[in-house]
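First the structure, in the form of structure tokens, and then the observations on it.
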Amino acid sequence: MIPLAAARTVVLEGCPPLSARPIALDEALGCVTAEPVVASEPVPAFANTAMDGYAVRAADTVGAPVRLAVAGTLAAGTAPDTELGPGQAVRIMTGAPIPPGCDAVVMVERTRTEGAEVVIEEAASPGDHLRQAGEDIAAGQEVFPARTVLGPGHLGVLASLGRGAVVAFPRARVGVLSTGDELVDAAGALLPGQVRDSNRHTLLALLARSDCQPVDLGIVPDSEAAITAAIQDALPICDAVLASGGVSMGDFDYVKVVLDRLSAGSMRWMQVAIRPAKPFAFGIIEGRPVFGLPGNPVSSMVSFELFARPGLRAMTGHDELDRVHVEAVADEDLRRRPDGKLHFFRVVATPGKDGRFHVRSSGGQGSHQLSAMALGNALALIPDGEGVGAGETVTTMLLGPF
Ligand code: AMP
Ligand code: MG
């Protein structure tokens, strides 16, 4: 058996970043920038009003209430054409440019109109309710550094700078195939020995959650020829491939055999000192990482979290490869036996009033008991030994939601 960290190193060495390219804004959510974004123009582009009201010369409002002549109306989207003279005010709507000559806006609630005049009830100070050009972003400013993970706010900023695209690492296209003669995807009654394929559905969903582009490659029987064909067909359309099943010690575990042959000897078949997800195969085929995840449903998900997700995040330019880990409080005994492995217990993590996460088992801990993975939202790392007692601290990998 090899330690988890050693297996992870093998994966990360085989997962260099994809080539960055311009990505359209509406496809860039969750992508990572490959270069700094520098503003070519200020935002806001011009001084404008933060309030509906009257644009004035502050000096004219000294000794309010005062009466000013209403010289016109400015809606958002219109350009002021005339300079405001002394004793004048302009009715102005939020977002409209401040007319030349004005240095303050009086909110409409502090005014009343009387015919062609407006009564300003409170004196204004220069700058009141004005939004200056560049107050959010100055021209020439570095807005985001390289390696920024683009969220909705980032996309909005890019749009406000007039960028239709951003140079970023593309979403990885990742193929998912399930291997096993027993597997079916049908809703009908199972024939003797048949098992419904769950791994493809969990892995495709995990990829979607990881900002990758999942590619469903279907179910492949336990045959060298079929697995070879499936992987070869996938490589031209995928940046990486996840296969589940067929990496254990069974007589029909052909995934590792095929990976070994196709990867020109680069494939590593590992027994990782963890539970679940001990067997794991990883190789590079035609420059693309191929992950051989174990078939047991919980194992395939845990293996995804520990190996595939960090590898795919490295490929997509992320600096932070791992899930957040916290020191949680075990609210019950989480017992195990010594076996030289690090155990990942499926747990429910709940934020406590003490500011710490508290964890409890989410159900049966067998690697076939997927319901505990579904009901849980975290994995508690139980070190080799007898386990953790109620009230003790346990390092916990947060998966969410909480
Ligand atoms: P294997 O890794 O191929 O030896 O499979 C280990 C166990 O996981 C067996 O009980 C398989 O039937 C089960 N299994 C493998 N692949 C899947 C899958 N895609 N969905 C559900 N169970 C699976
Ligand atoms: Mg199998």
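Count residues from 1 along the sequence. Read the numbers this way: they start at 1 and go in the same order the structure lists the ligands and their atoms. Quick caveat, the model's predicted, so the values are computed rather than measured.
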Hey, are [Y] and [X] close enough side-chain-wise for a donor-acceptor pair under 3.5 Å?
{"X": "Arg91", "Y": "Thr113", "value": "no"}
{"X": "His343", "Y": "Asp384", "value": "no"}
{"X": "Glu327", "Y": "Thr395", "value": "yes"}
{"X": "Asp331", "Y": "His358", "value": "yes"}
{"X": "Ser361", "Y": "Gln365", "value": "yes"}

Looking at ligand 1, does any of its N/O atoms fall within less than 3.5 Å of an N/O of [X]?
{"X": "Ser198", "value": "yes"}
{"X": "Val247", "value": "no"}
{"X": "Gly295", "value": "yes"}

* Would you say the side-chain atoms of Asp233 pair up with the backbone N or O of Ala230, donor to acceptor, closer than 3.5 Å? ->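 No, Asp233 side chain to Ala230 backbone: no donor-acceptor pair under 3.5 Å.
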
* **Within the 6.0 Å centroid threshold, strictly below: Phe307 and Phe291** =>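 Ring-ring flag for Phe307/Phe291: false, centres at least 6.0 Å apart.
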
* Asked: What atoms in ligand 1 come closer than 4.0 Å to a heavy atom of Asp197?
  ->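 Within the 4.0 Å cut-off of Asp197, ligand 1 contributes 18 (C), 19 (N), 20 (N).
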
* To do: With heavy atoms of Arg196 as the reference, note each atom of ligand 1 found under 4.0 Å away.
  =>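 Answer, ordered by atom number: 20 (N), 21 (C).
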
* Asked: Any side-chain heavy atom of Met315 sitting closer than 4.5 Å to one from Asp239?
  ->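 Met315 reaches Asp239 side chain to side chain.
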
* For Thr94, which of Asn48, Thr49, Asp52 qualifies under side-chain hydrogen bond (donor to acceptor under 3.5 Å, both in side chains)? ->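 Exactly one option meets the side-chain hydrogen bond (donor to acceptor under 3.5 Å, both in side chains) with Thr94, and it is Asp52.
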
Which heavy atom of the protein is the closest neighbour of [atom], given with residue, atom name and distance?
{"atom": "atom 11 (C) of ligand 1", "answer": "Glu182 OE2, 3.0 Å"}
{"atom": "atom 7 (C) of ligand 1", "answer": "Asn296 OD1, 3.3 Å"}
{"atom": "atom 4 (O) of ligand 1", "answer": "Asp253 OD1, 3.8 Å"}
{"atom": "atom 17 (C) of ligand 1", "answer": "Asn199 ND2, 3.3 Å"}

* Asked: Hey, is Leu183 touching ligand 1 through its side chain, its backbone, both or neither, going by heavy atoms under 4.0 Å?
  ->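 It is the side chain that touches ligand 1; the backbone stays farther off.
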
* Check each heavy atom of Ser300 against ligand 1 and say whether those closer than 4.0 Å belong to the side chain, the backbone, both or neither. =>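 Neither; no heavy atom under 4.0 Å.
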
* Is the closest heavy-atom distance from His368 to ligand 1 below 4.0 Å? ->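 Outside the 4.0 Å threshold, so no.
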
* Asked: Which of these, Gly180, Gly246, Ser178, has its nearest heavy atom closest to atom 3 (O) of ligand 1?
  ->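 Minimum heavy-atom distance to atom 3 (O) of ligand 1 goes to Gly246.
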
